[in-house]
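Encoded as structure tokens, the structure appears first; notes follow it.
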There are 2 protein chains.
Amino acid sequence: MQINRFPGNPLLRPADLKPSEPDVVVECVLNPGAFRYRDRIGLVLRVAEKPRTDDRTAVAVWRDPERGYVQLRVDRDDPELDFSDPRVFTYRNRCYLSTISHLLVAWSDDGGRTFVPDYSLRLFPATTHETYGIEDCRVQEIDGVYHLTYTAVSEFGVAGGHCTTTDWKHFSERDLILPPHNKDIALFPRRVNGLYYCFHRPSGLGLGGNFLWLAESPDLRHWGNHRCVAVTRPGSWDSERLGAGCAPIETPEGWLELYHGSDGKSYRLGLMLFDRNDPAKLLARSTEPIMSPIEGVETNGFYGNCIFTNGQVLDGDRILMYYGAADTVVCGAELSLRELLASLR
Amino acid sequence: MQINRFPGNPLLRPADLKPSEPDVVVECVLNPGAFRYRDRIGLVLRVAEKPRTDDRTAVAVWRDPERGYVQLRVDRDDPELDFSDPRVFTYRNRCYLSTISHLLVAWSDDGGRTFVPDYSLRLFPATTHETYGIEDCRVQEIDGVYHLTYTAVSEFGVAGGHCTTTDWKHFSERDLILPPHNKDIALFPRRVNGLYYCFHRPSGLGLGGNFLWLAESPDLRHWGNHRCVAVTRPGSWDSERLGAGCAPIETPEGWLELYHGSDGKSYRLGLMLFDRNDPAKLLARSTEPIMSPIEGVETNGFYGNCIFTNGQVLDGDRILMYYGAADTVVCGAELSLRELLASLR
């Protein structure tokens with residue numbers, strides 16, 4: 001199978017982006033949702049920012065729905081600070097984050113090979129359930145409405161956020177369509193037997209794990225009939241966690257889903273095929289990953305050895321797949337739908 | 001405030017119940033849902049059973065939807081067994097349980113003071129998402145249909161199960177209305193502003209905690225607009241976890257909810273009051289618990305110092321509240337709605 005990484009990778013780096021405020025720096029740009037709108041291809045980038053600081057001060061950051069960015073600055077030697085994991089900031093037994101993500105749209109007029117950020121289209125955390133950031137947005141157009149599903153992070157947990165737009169100018173109110181702990185909500189592009197479907201990735205405590213689940217909905221807002229449809233495989237490249245990429249692709253052989261799996265050391269991509277009339281029925285699954293981090297931008301960065309996709313657009317047999325590399329930059333690759341399906345036979 | 005524990009406590013003990021199979025023993029009977037049906041009061045008991053064994057053998061048990069109970073028996077000295085927590089059985093890196101719960105209905109013809117088990121009415125785990133047991137059932141009658149919400153436990157996690165009955169003979173198919181990790185689903189008794197509501201208790205990983213959430217639904221099967229409505233209070237009796245009891249009680253002052261809170265050492269009961277037209281709005285909350293484990297059956301047992309309620313029936317100002325004591329036996333108490341409301345003023 002041929003994975004044609006774009007020669008122009010990385011497509012976007014932190015240095016390519018203007019920070020959203022004067023006193024913050026862009027730390028990472030990653031995990032874009034992708035969509036077609038009119039003649040263009042759009043990406044919904046996740047932009048992770050952090051306040052400027054010096055070596056002696058640790059900073060936690062969140063966004064208050066009314067006041068905007070709020071910082072908590074603490075001396076690194078403060079005995080009440082636990083900063084052993086640089087992403088998490090625990091102070092006086094309360095947990096904060098050291099970066100905060102928002103979403104930024106970028107447009108391509110050359111068929112998805114280069115992208116220009118549209119600074120008029122930033123989506124910031126907007127509710128009390130998004131104060132620590134919004135991340136990893138999937139975009140799915142259904143009946144003329146674009147649905148954005150993303151990870152909403154706050155002191156209340158990590159949950160499944162949702163909003164819609166029809167014109168990429170005005171957006172609906174945000175709500176949580178799935179409660180904590182949940183990520184990786186990928187909507188199916190159409191109803192199956194009268195109901196909408198999505199993949200999602202709840203996480204267990206004790207029993208259970210980081211498995212792939214399916215849910216159904218009459219209206220894309222309320223979800224039920226949750227079922228686990230694929231689990232991690234001990235000893236395999238997806239032994240520790242797995243989650244959906246974006247929407248499954250409808251093919252004559254079934255719903256084809258590009259998914260990520262991790263063994264705790266590396267995030268790689270694989271395939272699953274589900275029955276066209278019963279999306280809970282797993283028909284086939286990649287034994288080996290179809291794509292692994294091998295390029296420098298994929299192996300080195302904020303979180304090295306990581307390929308994570310949540311955005312793709314289709315063009316006949318071609319899949320233009322966008323992915324976050326090492327949680328730091330945005331890359332693209334071209335895949336053949338026919339070849340992907342053949343690899344599962 | 002007067003908490004009148006029933007003189008007949010405990011109402012039901014493990015020794016009062018017939019095991020469901022010859023080679024298992026009833027370990028605990030606890031956490032009953034409660035309801036009125038025709039002239040009677042019913043309880044839906046959680047019955048935890050374990051296979052008979054000797055001191056040298058550890059046994060894990062689950063229920064296969066087709067084969068019934070399945071046991072895994074391992075020598076206690078087996079180096080691949082981890083049995084340090086007697087409730088959990090970890091063998092070859094896979095997690096099992098050492099007891100399994102099903103639901104059993106018991107009826108009272110004396111106004112809820114004594115109960116007789118109805119062995120024709122056992123609900124066993126029935127799906128792949130219930131193989132490790134079904135637990136802590138709430139019962140809510142809405143428009144003539146009884147909705148049972150319970151904790152469904154399996155290798156896929158701990159999730160929110162649901163089924164219905166109208167006649168307490170025939171039950172609908174089971175499904176999961178909330179994905180893992182979730183417990184304590186309490187349905188509101190009627191629609192508010194056109195939508196059904198429930199409290200539930202998802203658990204966070206890292207960020208978040210064991211907080212009380214609200215969700216809404218058009219049909220009681222599909223749920224959305226999840227919002228956290230109450231959190232644990234550091235240093236308090238409910239510092240570690242909290243969750244709903246059963247349905248909130250509608251009063252002129254708002255929706256009154258009896259809830260459980262734990263500080264890691266003791267499970268106690270408290271009150272919350274929510275706005276009648278906006279159930280997400282918390283109006284008042286008990287500072288101190290209204291009921292704590294003090295009786296012997298509450299302080300000593302499988303899990304001592306524990307009072308847990310998920311069942312009540314109303315009779316004017318009187319609340320007949322049923323509860324699991326020390327995770328081992330079922331007890332009851334009488335409370336005054338008027339006094340509970342007064343305690344919050």
Which bit of A/Arg227 is near chain B, if near means a heavy-atom gap under 4.5 Å: side chain, backbone, both or neither?
-> both
Select one option (side chain, backbone, both, neither) describing which atoms of A/Ser217 are under 4.5 Å from chain B's heavy atoms.
-> backbone
Could you grab the distance from atom CZ of A/Arg174 to atom CG of B/Asn225, nearest 0.5 Å is fine?
-> 14.0 Å
Mind listing the closest non-hydrogen atom pair of B/His222 and A/Pro218 along with its distance?
-> CG-CD, 3.5 Å
For A/Pro202 and B/Pro180, the nearest pair of non-hydrogen atoms, with its separation, is CB-O, 3.2 Å
Is any residue of residues 91-99 of chain B within less than 4.5 Å of chain A by heavy atoms, and which ones?
-> B/Cys95, B/Leu97
Who in residues 148-157 of chain B is close to chain A, using a strict under-4.5 Å heavy-atom cut-off?
-> B/Val153, B/Ser154, B/Glu155, B/Phe156, B/Gly157
Within 6.0 angstrom of A/Arg221 CZ, more than 12 heavy atoms from elsewhere = no
Among [options], which residue forms the greatest number of heavy-atom pairs with chain B at distances under 4.5 Å?
| options | answer |
| --- | --- |
| A/Asp175, A/Val231, A/Leu176 | A/Leu176 |
| A/Ala215, A/Gly224, A/Ala159 | A/Gly224 |
| A/Leu205, A/Asp219, A/Asn182 | A/Leu205 |

When only pairs under 4.5 Å are counted, which of B/Cys228, B/Pro234, B/Gly209 shares the most heavy-atom pairs with chain A?
-> B/Cys228
Hey, would you say the A/Trp213 and B/His129 ring centroids sit under 6.0 Å apart?
-> yes
Let me know if B/His200 has heavy atoms under 4.5 Å from chain A in its side chain, its backbone, both or neither.
-> side chain
